[in-house]
Amino acid sequence: MSFSYDSKKQICDIKVPECCRRAVCYGMMLFGHFLKYDKISVLTDNPLVQKNFEYLIKKCFAVTPTLSSSNGKRPMYKAEITDPEIISFIFLKLGITGDNFINEMLLKRDCCRDAFIRGAFLSCGQFSDPNKEYRLEFRVKNPQFADFLYEILSSRGVTPKRTKRSGADILYYKNSEHIEDLVTIMGAGNITLQIIDLKILKEVRNNINRKNNVDDLNSTKTIEASITQRSAIKYLIDSEKFDVLADDLKEIALLRMANPEASLTELSRLCSVSISKSGLNHRLKKIVEIADNFKNGK
């Protein structure tokens with residue numbers, strides 16, 4: 001199952017206080033598949049969301065929606081109410097009048113606003129796998145409803161970014177901290193911890209990769225330098241010019257030839273006298289310079 005599917009499962013499992021049940025229902029209906037005076041419909045690819053809506057509608061309004069599902073590679077699950085009298089009763093209880101279906105008075109308390117956001121996410125939210133990217137979004141077909149959700153989210157300190165896609169308004173987050181804040185507001189602390197754990201793991205992996213890349217680079221530089229140094233020393237030996245080197249340079253040259261893969265630190269430990277890494281590097285460069293001078297007839 002996807003991360004979004006699992007997240008909605010965890011959100012459906014949250015126990016909703018009685019004062020917030022209508023707020024969750026309202027969020028699911030407002031951002032569901034259809035909302036008119038002749039039909040209320042919630043359409044989802046998650047059967048747990050369908051069951052959750054059925055449970056909340058029964059608890060809030062003593063109404064049982066009709067449940068159905070479609071077959072196929074991606075089954076869809078629908079919960080709907082089509083009796084105009086029952087719908088009018090639900091709207092009356094929600095304090096909805098007119099055709100805009102927006103009643104901010106339902107969301108006076110912060111806890112009810114958070115519950116409303118939870119309902120909106122269950123109906124129209126999507127959550128990308130944090131292993132791949134940080135992204136949580138709400139896809140809203142009605143611009144007026146999108147404005148309302150934007151205001152509610154902003155009032156809770158989690159203002160989303162906004163764009164349009166395929167004729168719908170997209171309210172979205174791409175910053176991991178903002179997503180963590182939003183998920184916490186929705187009451188899904190376990191998901192927040194999952195995101196934080198994944199982020200820590202990702203940072204550890206990145207640090208290891210960076211260290212390995214640095215180590216690989218340093219190893220490559222050491223090998224390339226060793227090849228240059230040994231090539232110069234071999235030239236001096238083959239051309240019978242090795243004896244022109246001072247005794248301290250001869251010792252370094254012989255150590256390098258005997259230890260082709262050793263780092264400067266490792267070579268310095270093998271010297272008969274104490275010498276720093278920079279001092280050792282200077283002597284090796286001096287050997288290469290002498291060899292180059294002979295090659296160039298100097």
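No hydrogens, no waters, no symmetry mates; every other heavy atom, side chains included, goes into these values.
Atom NZ of K234 is surrounded by 12 or fewer heavy atoms from other residues, nucleotides or ligands within 6.0 Å. Within a 6.0 Å sphere centred on CG of N131, heavy atoms belonging to other residues, nucleotides or ligands number more than 12. The local environment of CD in E240 is sparse, with at most 12 non-hydrogen atoms from other residues, nucleotides or ligands closer than 6.0 Å. Around the NZ atom of K164, the shell of radius 6.0 Å holds more than 12 heavy atoms that belong to other residues, nucleotides or ligands.
Taking each heavy atom of V158 and H178 in turn, the nearest pair found is CG1-O, 4.3 Å. Listed here is the closest heavy atom pair of C124 and V140: SG-CG2, 4.2 Å. When every heavy atom of F61 is checked against every heavy atom of R22, the shortest pair comes out as CE2-NE, 4.2 Å. What you find for T159 and Y150 is that their closest heavy atoms are CG2-OH, 3.2 Å. The nearest pair of heavy atoms linking V49 to L122 is CG1-O, 3.7 Å. Considering all non-hydrogen atoms of both residues, I275 and L280 come closest at CD1-N, 3.5 Å.
Side-chain atoms of D45 never come within 3.5 Å of backbone atoms of M76 as a donor-acceptor pair (strictly under, hydrogens ignored). With N46 contributing its side chain and K8 its backbone, the two residues share no donor-acceptor pair below 3.5 Å. Judged by distance alone, the side chain of N52 and the main-chain N or O of L48 form no donor-acceptor pair under 3.5 Å. Judged by distance alone, the side chain of R118 and the main-chain N or O of R113 form no donor-acceptor pair under 3.5 Å. Using modelled atom types, no side-chain atom of Q229 and backbone atom of L284 make a donor-acceptor pair closer than 3.5 Å. Although no hydrogens or angles enter the test, the distance criterion places a donor-acceptor pair under 3.5 Å between the side chain of N296 and the main chain of D292. For the pair S154 (side chain) and E151 (backbone), a donor-acceptor distance under 3.5 Å is absent. Side chain of T184 to backbone of E180: a donor-acceptor contact under 3.5 angstrom is found. When atom types are taken as modelled, the side chain of S123 and the backbone of M28 share a donor-acceptor pair closer than 3.5 angstrom. R256 places a side-chain N or O within donor-acceptor distance of the main-chain N or O of P260, the cut-off being under 3.5 Å.
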Dump the intermediate steps for salt bridge (Lys or Arg N to Asp or Glu O under 4.0 Å) on K58 and E54, then the final yes or no.
CA-CA 6 Å; K58 284 182 178 179; E54 177 192 28; 3.5 Å; yes
Which is it for K78 and L67 under the side chain to side chain contact (heavy atoms under 4.5 Å, CB included) test, yes or no, and what are the steps along the way?
CA-CA 6 Å; K78 183 188 292 185; L67 305 184; over 6 Å; no
Carefully, step by step, assess I96 and I90 under the rule side chain to side chain contact (heavy atoms under 4.5 Å, CB included).
CA-CA 9 Å; I96 292 174; I90 291 172; over 6 Å; no
Assess whether side-chain hydrogen bond (donor to acceptor under 3.5 Å, both in side chains) is satisfied between S272 and E251, documenting all intermediate values.
CA-CA 8 Å; S272 60; E251 179 187 11; 2.9 Å; yes
In sequence, state the C-alpha distance, the side-chain angles, and the governing distance for F121 and I11, and then conclude on side chain to side chain contact (heavy atoms under 4.5 Å, CB included).
CA-CA 9 Å; F121 176 74; I11 290 173; 3.5 Å; yes
Run the side-chain hydrogen bond (donor to acceptor under 3.5 Å, both in side chains) check on S263 and T265 step by step: do they pass?
CA-CA 5 Å; S263 66; T265 301; 4.5 Å; no
Assess the residue pair D248 and R283 against the criterion (side chain to side chain contact (heavy atoms under 4.5 Å, CB included)); give the C-alpha distance rounded to whole Å, side-chain angles, the decisive distance to 0.1 Å, and a yes or no.
CA-CA 8 Å; D248 59 345; R283 292 184 186 184; 3.5 Å; yes
Could you go step by step and tell me if E137 and R135 meet the salt bridge (Lys or Arg N to Asp or Glu O under 4.0 Å) rule?
CA-CA 7 Å; E137 67 179 37; R135 187 178 181 89; 2.9 Å; yes
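A continuous path of Ile, Leu, Val, Met, Phe, Trp and Tyr side chains, each step under 4.5 Å between heavy atoms, connects I185 with V24, placing both in one hydrophobic cluster. Under a hydrophobic clustering in which Ile, Leu, Val, Met, Phe, Trp and Tyr are joined whenever their side-chain heavy atoms come within less than 4.5 Å, directly or via other members, V288 and L267 fall into different clusters. At a threshold of 4.5 Å between side-chain heavy atoms, the hydrophobic network of Ile, Leu, Val, Met, Phe, Trp and Tyr places L30 and I152 in one connected group. Residues L92 and L106 are members of separate hydrophobic clusters, defined by side-chain heavy-atom contacts under 4.5 angstrom among Ile, Leu, Val, Met, Phe, Trp and Tyr. Taking hydrophobic clusters as Ile, Leu, Val, Met, Phe, Trp and Tyr residues chained together by side-chain heavy-atom distances below 4.5 Å, V183 does not share a cluster with Y172.
Atom CZ of residue R230 and atom CD1 of residue I233 lie 8.5 Å apart, to the nearest 0.5 angstrom. The distance from the CG atom of L136 to the OG atom of S7 is 8.0 Å, given to the nearest 0.5 Å. Going from atom CD1 of I191 over to atom CD1 of I179 covers 11.5 Å, rounded to the nearest 0.5 Å. Here the CD1 atom belonging to I237 is positioned 6.5 Å from the CG atom belonging to L254, to the nearest 0.5 angstrom.
Using a 30° and 60° split on the angle between ring planes, Y173 and F138 fall in the perpendicular class, above 60°. Aromatic ring pairs are classed by plane angle as parallel below 30°, tilted from 30° to 60° and perpendicular above 60°; the pair Y26 and F116 is tilted.
With a 4.5 Å cut-off on side-chain heavy atoms, Y37 and D99 count as touching. Residues L94 and M29 are in side-chain contact: their nearest non-hydrogen atoms beyond the backbone lie under 4.5 Å apart. Taking 4.5 Å as the limit, some side-chain heavy atom of I287 sits within range of a side-chain heavy atom of L236. Residues C25 and I57 are in side-chain contact: their nearest non-hydrogen atoms beyond the backbone lie under 4.5 Å apart. At least one side-chain heavy atom of K39 sits less than 4.5 Å from a side-chain heavy atom of F34. Counting only heavy atoms from C-beta outward, the side chains of P65 and E80 never approach each other to under 4.5 Å. Side-chain atoms of S69 and P75, non-hydrogen and from C-beta on, never get closer than 4.5 Å to each other. Using a 4.5 Å cut-off on side-chain heavy atoms (C-beta onward), F91 and I40 make contact.
A salt bridge is defined here as a Lys NZ or Arg NE, NH1 or NH2 lying under 4.0 Å from an Asp or Glu carboxylate O, and K250 with D243 meets this definition.
Just one residue in the list R162, K141, Q144 forms a side chain to side chain donor-acceptor pair (under 3.5 Å) with D169, and that residue is R162.
Residues satisfying the ring pair (Phe, Tyr, Trp, His ring centres under 6.0 Å) criterion with Y77, sequence neighbours excluded, are absent altogether.
No close placement of the F148 and F31 rings is indicated, their centers lying 6.0 Å or farther apart. Checked against the 6.0 Å centroid criterion, the rings of Y235 and F294 do not qualify as a close aromatic pair.
Inspection of the S278 and S276 side chains reveals an N or O donor paired with an N or O acceptor under 3.5 Å.
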